[in-house]
Amino acid sequence: MSNKMWGGRFGSGPDAIMEEINASIGFDYRLAAQDIRGSKAHVAMLAAQGIVTAQDAADITRGLDQVKAEIDAGTFTFSRALEDIHMNVESRLAEIVGPSAGRLHTARSRNDQVAVDFKLWVRDTIDELDAQLADLQLALAERARDHAGAVMPGFTHLQSAQPVTFGHHLLAYVEMIGRDRGRLADARTRLNESPLGSAALAGTSFPIDRAATAKALGFDRPTANSLDSVSDRDFVLETLAAAAICAVHLSRFAEEIVLWSTPQFGFAKLSDKFTTGSSIMPQKRNPDAAELVRGKSGRILGDLQGLLVTMKGLPLAYSKDMQEDKEGTFDALTSLSLCIAATAGMVRDLTPDLARMKAAAGAGFSTATDLADWLVRTLKMPFRQAHHVTGSLVKLAEDKTVGLEDLTLADMQAIEPAITDAVFAVLGVQNSVESRTSYGGTAPQNVAAQADTWLKRLASEAGAKAKS
Ligand code: ARG
């Protein structure tokens, strides 16, 4: 039997393999809510423009509501022979309301229909991701405020560099996630034009009102070029790019949690809630959630790459290749959502070992820069010379296998006679972090102030959102 939605000129049905490769219902069922929202806006506009009767529009709207209820209740039967969500919904609508259901598709094509559905889905998902990212920022900023003054080693090249505070380290991720949210918001702004009414590719001869459907669906305006409207997928690409960068941030943090929770670092412990044991090694506590956040970033990056490659050779306007846009996007954004939730969970679960962090903060001559700065400030030495002198002092401490603060004044004066015992004040890690008062630096009062600023900003955002 030929396809009942478009098979007028077809004598027979598709080959089984054709049906299998062609069908998208196995994944685009996830667009059901958006598809019905789009159809309701479309039919209301058709009636307002006198293109269908008010009675037909009322019947179709009622039918669409019933279809939605059946899908929500899990009683809807999805059919692969009907290819995709659009035709599954329309076919069931025809069973419910009869032949007038066929008027819904006036002045519309599946090409603009799928574009509007997918835009709505991506937009809804951006809004959900933004709320989740705000929650992750909150979790990080709360812990940062509590640990604004807790000293830990700061690293470059994963070598001890200079002491920082734990709060400062956590706030670095709050900043990164702030930019991720900004990128998603930018993508949302550019995405927010309605393709509905572009029809197959050329627009339509019916007197439709695209501004009305755009408004009804929460878009800022209709898109300006019908060819572009049905062939544009950069709204997905841009969102996936923002998602990929965000996933990279989460992966970097996950990597740090993995390191911190090793016995060798011992900076933090995750509880039973976010770890697993080994079936053979009873002593083990594995940070699987962190590893999976790190691991899932790989597929999110791959999903972006996949769609870029799918799109790169496509002529205008719609090609069926574009049906391949959905699975990767669902996978990427659903995975990202899970990664954000798991990261927020770990941030709240983590118990830092503050004593161990502080002890480690002094390792590796991490206050050598403070010493060099002291030579510059107090002895008026040029920084390059101070760097050289400090290097000799580090070498001496290394040879004696002691820390810089354990050298005697005589040891130091053997290398630079002008050094006085006032130098010892800058060699402790606490003094070191307290001295970093430059804007954005790690001094505890800076960190506390930054954490408060973020907490206030997040609270006022949440307040504004609750009102809207
Ligand atoms: N299932 C299709 C997709 O996801 C819908 C659009 C089909 N359009 C067409 N002309 N066959 O892209």
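Only heavy atoms go into these numbers, but all of them, side chains included; no hydrogens, no water, no symmetry mates. In each ligand, atom 1 is the first atom listed, and ligand 1 is the first ligand listed.
Per-residue contacts place S24 under 4.0 angstrom from the following atoms of ligand 1 (heavy atoms of the residue considered): 1 (N).
Atom 4 (O) of ligand 1 has as its closest protein heavy atom K326 NZ, 2.6 Å. Looking from atom 11 (N) of ligand 1 to the surrounding protein, the closest heavy atom is R110 NH2, 3.6 Å. In this structure, atom 12 (O) of ligand 1 lies nearest to the protein heavy atom Y318 OH, 2.4 Å. Looking only at protein heavy atoms, the nearest one to atom 1 (N) of ligand 1 is Q323 OE1, 2.7 Å.
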Trace of the side-chain contact (heavy atoms from CB on, under 4.5 Å) decision for R181 with Q137: CA-CA 10 Å; R181 293 181 65 196; Q137 286 185 304; 2.7 Å; yes

Any chance you could lay out the side-chain contact (heavy atoms from CB on, under 4.5 Å) test for V164 and M152, step after step, and finish with the verdict? CA-CA 6 Å; V164 295; M152 72 178 282; 3.7 Å; yes

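Note on ring orientation: taking the six-membered ring where Trp is involved, the planes of F166 and H147 are tilted (angle from 30° to 60°).
A 6.0 Å sphere centred on NZ of K273 holds no more than 12 heavy atoms belonging to other residues, nucleotides or ligands.
Among N111, I25, D84, N22, the residue whose heavy atom lies closest to atom 10 (N) of ligand 1 is N111.
Listed here is the closest heavy atom pair of S79 and I25: O-CG2, 3.9 Å.
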